[in-house]
Student: 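This is the structure, below, for whatever I ask next.
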Amino acid sequence: MDYFPYEYRPGQKELISFIDRTVRDRRCAVIEAGTGTGKTITSLCGTLGYAKDHDMKVIYLTRTKSQQKQVIRESTAIGKGILCVAVQGRSAASCPMMRDDPDLASGNAEEISKLCSVYKRKRDGACHCNFYSNLEATDVDQWVNLIRMEHPDPEDFSRMCEDAGVCPYELMKLILPYADVIAVPYPFVFMPMVLDRFVDWMGVPLSRTILIVDEAHNLPDYLRDVQTFEYGERAMDLAAKEAKEHGDFVLQEGITVTDLVAVMKEILAAAQREYLIDEDGMLPPYYLEDELMSRLGVSSITISRMCKAMEEIGDGIMEKKKERHKLPRSYIHSMSRFIRAWIDGDEDNYVRLVIKEGDNALFQAYCMDPSGASEPLIDCFSSIHMSGTLQPLDAYVSELDLDRVDTLCLDGIFPKENLLTLYTDKVSMKYEEREIEQNYNDLMELVVDTINAVRVNTAVFFPSYSFMDKMIDDGLVRRLNRDVSYEQRGMSQPDLMSMFNSFKNSEGGVLFCVTGGRISEGLDFPDKALEMAIIIGIPYPKPTAKLRAMRRYYDIRFGDGIRYTSTIPTVRKMRQSIGRLIRSETDRGVAVIMDRRVAGLKDIQAELCHDIPSKEREFFHYSKY
Ligand code: SF4
């Protein structure tokens, strides 16, 4: 059956049949598809034919809520009785029983799930949660028909459920077996505990699903993060506080929980003194256990026993909290889990670090191998990996250790002449050069002249927040006769969106943001919302201890650490930023890269320019500004 609901644009037929063939051969497709190729609709149309014929489900893995909505919109456009639902991760905000309790707002999915089980439990024949008990009388078929007709996004679905007095989360579990397409965040598939439950609710094993990985260039880093674990000073303080509140606990003759926390803090402080350079430092593999044994005067077996005791104490604390409808969280339990994982963790694929983040210091066991968490990609029937910036595809395939792979690169369909990419060789943002006075002054002049030359919506991508702050302090904003909006560290999502929307709707506004930040990667600028992007510096990763460890690891594994840890991520970030300019056939834009080192990046095609303002005016047909 032909599922494609629109008129075909160049390349779309080819893309759909490539995906369809890959699925039929039970292989894996790794695709870079440029702007305008319609990644969502083509991947759905390429997978649905086989899935429907063989009673399989398509699982669409997304990073953002807006992408989930896009999957629903495209499934609606396909029609043909396709049932598409979107499921979001569990939080207090998604539960009508918990969302008004501010103490529960920070609860993670596991904690909310434990609390939910208390609400659902029957006492004296009655359940504490009416939203749950009302499910018994709910006609699931009727809801399935309603979804087929109304295609609600997750927020609409929650509202509909609450109006009907039923729990959205529990009802969705009952609907999943009927769904053809399920849009979920990455953790549903890549976190083993969540995956087990998800598979159970769907009613089909992973081997009967086709996975579509959206924005796949993020997947290797995401999988590394999923396997990484850490424990910091703040959590240690909270563990000590928790122990005191509960009368402290003896773990071993002469050693209480607060004693252990005090020793952990001493070790963390010593690690910072000895190994920290700037923001991190690499620790010897057995550093923590050796220090614990020598400072406490105990053996490794005793440490293991103490961990077990802390887990039991933590379980007891969590159980009591749960019964009082409080977040079932124990910092003593987390400390034990961390020490055990650190001691038991594998040495080859992890680097042990001490890290300083603002005023918090922490131990981190960073996982360098994403393929350790990529098993679902092997267990599923077939997987489709798509992104606008995935090249070089061979590196992506080898990092994830994918097997039976077909690859495809498809250029964007919009006219190439609509994008002008320039660079200047007058400045360099190399670490040693960026603070040189002449270089810095030249950069300031270039940025001011480039922005002031044409009155179009302009985004400036800075290499870091601190560099942005420095240029602002040195008078950059005062020299621009324009409204300037700023992306700020730790900005809440609503604040970010409101700032972003006011920039998008401005005429000739200027936006200051950071390369690799939320704006450069995740947000769309349609039409004239963005016509010029100034990229200051090449976003090479910082030369941290973590990076050095990764480089060595990739040298050993693939023989080219610099390519995997520096060149590839840098080029991807730059392509993401430049890609913000052209989102439709009629968009036109100029990207200006302010760093001579771009000449050495062969995958970024930029034209050397000695008079950027004139070139801009010519491009935008400005006679004078
Ligand atoms: S069943 Fe639903 S509404 Fe009730 S507590 Fe659990 S998540 Fe909340």
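What you are looking at is a predicted structure, and each value in this text was computed from that prediction instead of being measured. Read the numbers this way: they start at 1 and go in the same order the structure lists the ligands and their atoms.
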Student: Would one find more than 12 heavy atoms of other residues, nucleotides or ligands at under 6.0 Å from atom CE of M172?
Tutor: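 More than 12 within 6.0 Å, yes.
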
Student: Any side-chain heavy atom of L288 sitting closer than 4.5 Å to one from F338?
Tutor: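 Yes, side chains in contact.
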
Student: For D153, check side chain to side chain donor-acceptor pair (under 3.5 Å) against everything at least two apart and list the hits.
Tutor: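 Result, side chain to side chain donor-acceptor pair (under 3.5 Å) vs D153: none returned.
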
Student: Going by atom types alone, do Q67 and T40 pair a side-chain donor with an acceptor below 3.5 Å?
Tutor: yes

Student: For atom 6 (Fe) of ligand 1, what is the number of protein N, O or S atoms at a distance under 2.8 Å?
Tutor: 1

Student: Hey, are E74 and Y6 close enough side-chain-wise for a donor-acceptor pair under 3.5 Å?
Tutor: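 The criterion, which ignores hydrogens and geometry beyond distance, is satisfied for E74 and Y6.
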
Student: May I ask you to list the atoms of ligand 1 that are less than 4.0 angstrom from any heavy atom of R90?
Tutor: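 So the answer, numbered in order with elements, is 7 (S).
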
Student: Can T228 and Q364 be counted as having a side-chain donor-acceptor contact under 3.5 angstrom?
Tutor: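 No, no side-chain donor-acceptor contact under 3.5 Å.
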
